[in-house]
2 protein chains.
Amino acid sequence: MMLDERKIRILAAIIDDYIATAEPIGSRTIARKYHIGISPATIRNEMADLEELGYLSQPHTSAGRVPSHKGYRFYVDFLLPSKKLDDFEQATIRQIFRRRINEFEELVKEAARVISKLTSYTTIIMGPQMETMFLKHIQVTRIEEFKGLLLMVTNYGTISHHIIDIPQNFSDSDLIRISNILNTNLTGKTFSDITNDMMDEIKNEIIEYDKTLNILMEILLENLADAQDNSQVISTGSSKMLEYPEFQDVEKAKNFFSLLEQHDLIMKALRSSSKPNTITVTIGNENPCIELQDLSIVTANVSIDEKDLGIFGIMGPTRMKYSRVISILEQVTDYLVKTVSTKL
Amino acid sequence: MMLDERKIRILAAIIDDYIATAEPIGSRTIARKYHIGISPATIRNEMADLEELGYLSQPHTSAGRVPSHKGYRFYVDFLLPSKKLDDFEQATIRQIFRRRINEFEELVKEAARVISKLTSYTTIIMGPQMETMFLKHIQVTRIEEFKGLLLMVTNYGTISHHIIDIPQNFSDSDLIRISNILNTNLTGKTFSDITNDMMDEIKNEIIEYDKTLNILMEILLENLADAQDNSQVISTGSSKMLEYPEFQDVEKAKNFFSLLEQHDLIMKALRSSSKPNTITVTIGNENPCIELQDLSIVTANVSIDEKDLGIFGIMGPTRMKYSRVISILEQVTDYLVKTVSTKL
DNA sequence: TTTAGCACTCTCGGTCTTAGAGTGCTAAAA
DNA sequence: TTTTAGCACTCTAAGACCGAGAGTGCTAAA
């Protein structure tokens, strides 16, 4: 059975209402609040149909109806009211990009904070995949008599620095020479390209700088390990979730927070659900990972000319203000892409 | 009335038990579990005295006793069992400092994580006060044809970097000259010393580099503002709090999490309660800030030769495993001080 | 001074009950 | 044929009630 016009209106009303109130909705409520022009009894019949078709479910026999995941899916695919952001929201978002933030990471973090603030859901940001990240610049510079800084800049504009010891007999021009050698050998290489073998080759090339180079190599390699470990998942606004009735049960809240700490799970979930340059909605059990099955995730994959910059994910109860979240996410990623392509 | 030997033993038993169980303790339980050699009736009398003296209180008439803040204070001041860390704990702590972490900030963050893991309380770290922080090194370096990096290193070893644009006509030696000028003029200055006036002076000194310098100045000033805003308060392990019966009420949990987000409050609390090179315990209502009054905070102020490196704070319910927390904190700060003085 | 005994108090966890919301079905109305 | 009014039925949430259990304070005896 296809959904006719009237069924769709009723479904939309139920989902809208449930998203707003988190309470099961009965036929009478719909008749009263949404003016569909038919009696509760008729609505009841329609609701029974919708339930049979799998779009609704009942917590218990004598309760109202609640949207099922299939219901949400239909809603998201066909019924999303296009939500215009109001002036305040627009302004709040624009503000992030007005500020002179030159570093990509900071910009993204700030964007995540603002998204959480506007949506009241948890925002997760995840850096680009290691495989597509390569070194753009590597340099050793002296900051004190026997202390130096190893600087690495990737194609995504992320910068990492490590303090290193510089042996006594090294002059500034030695450092410059080492920098040059590292640069010519390593720029353009992805982190996974840089293996011990490659290091050994370079070492051979400049056998005279042996000792320092060894240290640099070690540090560099360690840093790689760090970058891979540091499962770059950052979340903000998690405490907001405690506001929702879905998390009133402390057990549920605890599960949510411990989930957030399992970065590998989160990474897998975001990666698997997001597609390049689109906003994707994953509802409850559509997520392969069971821990996430009573949450929804809206992901936006930010990329510029095939260059994957990272993923924003917004996590909330399945009863999520989808249209609002999507609008905000669209707006933010738009600005972000614009800013990055012009400024950075 | 002074506390005699027997009262003290009873008080200690009650507090130990309450810290372990979070349940009010009755006279019979004490007689059974702790072998003081007197009957419940006698214990009852003593407990009534202790209550009258303000060391205990009763949730309701027919419940057992619960320690009051005054009771905890007495316990912390006079009764703390000196707790030896076991091998596992020792090893876990040592491990942080074995790893080659060259940067102070990373080291401290890692230490905080370990403290949270071992204690199951929330650990807060707070950077040194801005007033005591000064520039040790400042430098502009090129990372791409028209992109440079402004590097600033402070006396605490913290490093901040900002990507800047480099105008076309600037050669590498220009950058070195600018770096030198900035260095001679700004190193040793605290962030608050560096005013616009000072910037103007430097600008005058090298009028020919005018334009770039202007940008650098702006960026530098902005960075200062950031550093001051970014109320450097970082907390870890907050989700652990949901395990405790004190936070089973979602309302309480929400309060706690929103408290954690009020960095200014936290900063004030940590600053006011911590003393140089000591571990301080602040119990419940001893804290001037009402939001913190049913929590306890143990703070450790880490400093080396008057140089204030920052504060660790451990927050938990007033029913906190004080001796354990103190031992762990002692151990960690010890190692930290040692590591910093030798390595960094 | 300590302790046994006892009446008393308060909470916590069940059971019971009722009001309310909502349903599905049937039969009448449109 | 479709819609709707009416009604019996179901289920939950909230309140009332009750008894067990833990703990107290007091009194009087050891």
Side-chain angles (χ1 to χ4, degrees), chain A residues 1-11 13-15 17-18 20-68 71 245-246 248-249, chain B residues 1-7 9-11 13-15 17-18 20-68 71 245-246 248-250:
Chain A
M1 191 194 327
M2 266 302 293
L3 295 188
D4 58 29
E5 169 71 19
R6 198 171 65 183
K7 281 198 176 55
I8 291 177
R9 283 190 65 190
I10 292 174
L11 181 59
I14 292 175
I15 297 186
D17 206 82
Y18 188 70
T21 65
E23 302 279 325
I25 297 103
S27 52
R28 187 195 288 232
T29 316
I30 293 182
R32 228 186 299 120
K33 269 169 98 173
Y34 304 83
H35 310 93
I36 310 198
I38 45 178
S39 75
T42 316
I43 294 177
R44 266 204 297 285
N45 288 330
E46 296 288 44
M47 281 162 92
D49 288 350
L50 283 168
E51 181 169 358
E52 204 174 339
L53 292 166
Y55 293 99
L56 297 178
S57 72
Q58 250 179 325
H60 54 85
T61 19
S62 75
R65 288 335 196 279
V66 162
S68 68
E246 280 85 348
Q248 281 316 82
D249 179 7
Chain B
M1 190 195 330
M2 266 301 292
L3 296 188
D4 57 30
E5 168 72 19
R6 198 170 66 183
K7 282 199 177 53
R9 283 189 66 190
I10 292 174
L11 180 59
I14 292 175
I15 298 185
D17 206 83
Y18 189 70
T21 65
E23 302 278 323
I25 298 104
S27 53
R28 187 195 287 231
T29 316
I30 294 182
R32 229 186 297 122
K33 268 169 97 173
Y34 306 84
H35 310 93
I36 309 198
I38 44 177
S39 76
T42 314
I43 293 176
R44 268 206 294 286
N45 289 330
E46 296 288 44
M47 281 162 91
D49 288 351
L50 283 167
E51 180 169 0
E52 204 175 337
L53 290 166
Y55 294 99
L56 297 176
S57 72
Q58 250 178 325
H60 54 87
T61 19
S62 75
R65 292 325 202 280
V66 161
S68 69
E246 281 84 350
Q248 282 316 84
D249 180 7
V250 182

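What you see is a predicted model, and the numbers here were worked out from it, not measured in a lab. What's counted below: heavy atoms across the whole structure, side chains too, no hydrogens, waters or symmetry copies. Lettering of chains follows the sequences in order, A, B, ..., and the numbering in each one begins at 1.
Among the nucleotides C:dC10, C:dA21, C:dG24, the one closest to the side chain of A:Ser62 is C:dA21. Of all nucleotides listed (D:dG23, C:dA4, D:dG25), C:dA4 comes nearest to the side chain of B:Ser39. Closest to the side chain of A:Thr61, from the set D:dC11, C:dC10, D:dT24, is D:dC11.
In this entry the distance linking CD1 of B:Ile10 with P of D:dG23 reads 15 Å, nearest Å. Distance B:Lys33 NZ to D:dG23 P: 11 Å, rounded to the nearest Å. The distance from atom CG of A:Leu56 to atom P of C:dG24 is 11 Å, rounded to the nearest whole Å. Distance CG (B:Asp17) to C1' (D:dA22): 15 Å, rounded to an integer number of Å. One can place CD of A:Gln58 at 10 Å from P of D:dC11, the figure rounded to the nearest angstrom. Between the CD1 atom of B:Ile25 and the P atom of D:dA22 there is a distance of 15 Å, given to the nearest Å. Here D:dT2 presents its C1' atom at 13 Å from CG of A:Asp49, a figure rounded to the nearest Å. When the P atom of D:dG23 is taken as reference, atom CD of B:Glu51 falls 15 Å away, rounded to whole Å.
Using the Watson-Crick or G-U wobble rule with both distances under 3.5 Å, D:dT27 pairs with C:dA4. With both pairing distances under 3.5 Å, D:dA16 is matched to C:dT15 as a Watson-Crick or G-U wobble pair. As the counterpart of C:dA29, D:dT2 is assigned, both hydrogen-bonding distances of the Watson-Crick or G-U wobble pattern falling under 3.5 Å.
One finds a side-chain N or O of B:Thr29 lying less than 4.0 angstrom from the OP1 or OP2 phosphate oxygen of D:dG23. In terms of phosphate contacts, B:Thr42 brings a side-chain nitrogen or oxygen within less than 4.0 Å of OP1 or OP2 of C:dT3. Dashed line: the shortest gap from a side-chain N or O of B:Arg44 to OP1 or OP2 of D:dT27 is not under 4.0 Å. Residue A:Arg32 has no polar side-chain atom (N or O) positioned under 4.0 Å from OP1 or OP2 of C:dG22. Side-chain N/O atoms of A:Arg65 include one lying less than 4.0 angstrom from OP1 or OP2 on C:dG24.
Side-chain atoms of B:Ser27 never come within 3.5 Å of backbone atoms of B:Ile43 as a donor-acceptor pair (strictly under, hydrogens ignored).
Considering all non-hydrogen atoms of both residues, A:Lys7 and A:Leu50 come closest at O-CD1, 3.9 Å. Contact between B:Leu56 and B:Met47 at its shortest, heavy atoms only, is CD1-O, 4.2 Å. Annotation for B:Ile30 and B:Ala13: closest pair CG2-CB, 4.4 Å, computed over non-hydrogen atoms. Scanning all heavy atoms of the two residues, the minimum distance from A:Ser68 to A:Gly54 falls at OG-O, 2.5 Å.
Each of B:His60 and B:Asn45 lies near DNA chain C, and the nucleotide nearest B:Asn45 is the one positioned closer to the 5' end. Mapping B:Ile38 and A:Gly64 onto DNA chain C by nearest heavy atom places B:Ile38 closer to the 5' end of the strand.
Using a 4.5 Å cut-off on side-chain heavy atoms (C-beta onward), B:Lys33 and B:Ile25 make no contact.
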